[in-house]
Amino acid sequence: MNIARLMASTPLHVAAGFIAMGSWAIFANSGHGLRAMLAAGLVQGLVSGTLTLGLKRSVDWMRPRMARGLGYCVPPLLAICGSAILLVSAHWLSGTPEIARTIAVPLGVSLLYILAYNILRQNHTWSKSDKKEPNG
């Protein structure tokens with residue numbers, strides 16, 4: 001398997017999100033005992049894995065339905081608002097002691113990821129359509 005194919009692997013992205021953000025949640029809740037740490041890590045890992053799939057798909061669905069200017073910012077912002085609601089709800093329901101600390105890093109990383117992804121995809125889409133001008 002070559003590196004480009006590996007980097008495009010959805011299971012790899014989901015696993016990396018689970019491990020990285022689940023580990024952050026364990027650290028963020030380290031002052032509340034092993035049970036709270038592990039529960040927060042598991043919840044965050046599962047939510048991060050799910051968000052990895054959902055963010056990209058939701059933005060890909062919204063982007064072509066909006067004008068170019070709105071397409072840059074509205075899809076990622078709507079996706080991040082949905083992510084924030086999901087993260088807060090999941091951690092609140094599971095009893096995570098440090099919800100704000102737990103979701104700060106995953107939400108920030110998700111926002112940067114989805115903004116960058118959307119801008120790159122938006123530019124790619126528009127550069128393709130600019131090349132398809134009719135022959136004069």
Asks: For the pair Thr96 (side chain) and Trp92 (backbone), establish whether a donor and an acceptor sit closer than 3.5 Å, ignoring hydrogens and angles.
Replies: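 Absent.
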Asks: I'd like to know whether Thr102 forms a side chain to side chain donor-acceptor pair (under 3.5 Å) with Asn29, so could you lay out the CA-CA distance, the side-chain angles of the two residues, the decisive distance to 0.1 Å, and finally the verdict.
Replies: CA-CA 7 Å; Thr102 301; Asn29 291 277; 2.7 Å; yes
Asks: Same hydrophobic cluster for Val105 and Ile99, using side-chain heavy-atom links shorter than 4.5 Å among ILVMFWY?
Replies: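 Per the 4.5 Å side-chain linkage, Val105 and Ile99 are not co-clustered.
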Asks: Only counting residues at least two apart or in another chain, list the ones meeting side chain to side chain contact (heavy atoms under 4.5 Å, CB included) with Ala39.
Replies: none
Asks: Heavy atoms, side chains only, cut-off 4.5 Å: are Ile114 and Ser110 in contact?
Replies: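 No. Closest side-chain heavy atoms not under 4.5 Å.
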Asks: Quick check on side chain to side chain contact (heavy atoms under 4.5 Å, CB included): which of Leu55, Ile103, Leu78 does Ser83 satisfy it with?
Replies: Leu55
Asks: Distance-only check: which donor-acceptor pairs under 3.5 Å involve side-chain atoms of residues 41-48, not counting sequence neighbours?
Replies:
| unit_1 | atom_1 | unit_2 | atom_2 | d |
| --- | --- | --- | --- | --- |
| Gln44 | OE1 | His91 | NE2 | 2.8 |
| Gln44 | NE2 | Ser48 | OG | 2.8 |
| Ser48 | OG | Gln44 | O | 3.0 |

Asks: How long is the span from the OG atom in Ser30 to the CZ atom in Arg101, to the nearest 0.5 Å?
Replies: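 Between atom OG of Ser30 and atom CZ of Arg101 there are 6.5 Å.
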Asks: Check the surroundings of atom CZ in Arg65: do more than 12 heavy atoms from other residues, nucleotides or ligands lie under 6.0 Å from it?
Replies: yes
Asks: Please report the interatomic distance NE2(His32) to CD(Glu98), rounded to the nearest 0.5 Å.
Replies: 3.5 Å
Asks: Got more than 12 heavy atoms from elsewhere within 6.0 Å of CZ, Phe27?
Replies: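 For Phe27, atom CZ is not crowded (no more than 12 foreign heavy atoms under 6.0 Å).
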Asks: Check whether Val88 and Ile80 end up in the same hydrophobic cluster, where Ile, Leu, Val, Met, Phe, Trp and Tyr are linked by side-chain heavy atoms less than 4.5 Å apart.
Replies: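 In one cluster with Val88: Ile80, yes.
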Asks: Could you state whether Trp24 and Leu107 fall into the same hydrophobic cluster, counting links through intermediate Ile, Leu, Val, Met, Phe, Trp or Tyr residues with side-chain heavy atoms under 4.5 angstrom apart?
Replies: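 Unlinked, Trp24 and Leu107 end up in two clusters.
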Asks: Is there a path from Val59 to Leu87 through hydrophobic residues (I, L, V, M, F, W, Y) whose side chains come within less than 4.5 Å of each other?
Replies: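 In one cluster with Val59: Leu87, yes.
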Asks: I'd like to know if Leu115 and Val74 are part of one continuous hydrophobic network [Ile/Leu/Val/Met/Phe/Trp/Tyr, side-chain heavy atoms within less than 4.5 Å].
Replies: no
Asks: Tyr117: what forms a ring pair (Phe, Tyr, Trp, His ring centres under 6.0 Å) with it, not counting sequence neighbours?
Replies: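 Tyr117: no ring pair (Phe, Tyr, Trp, His ring centres under 6.0 Å) contacts found.
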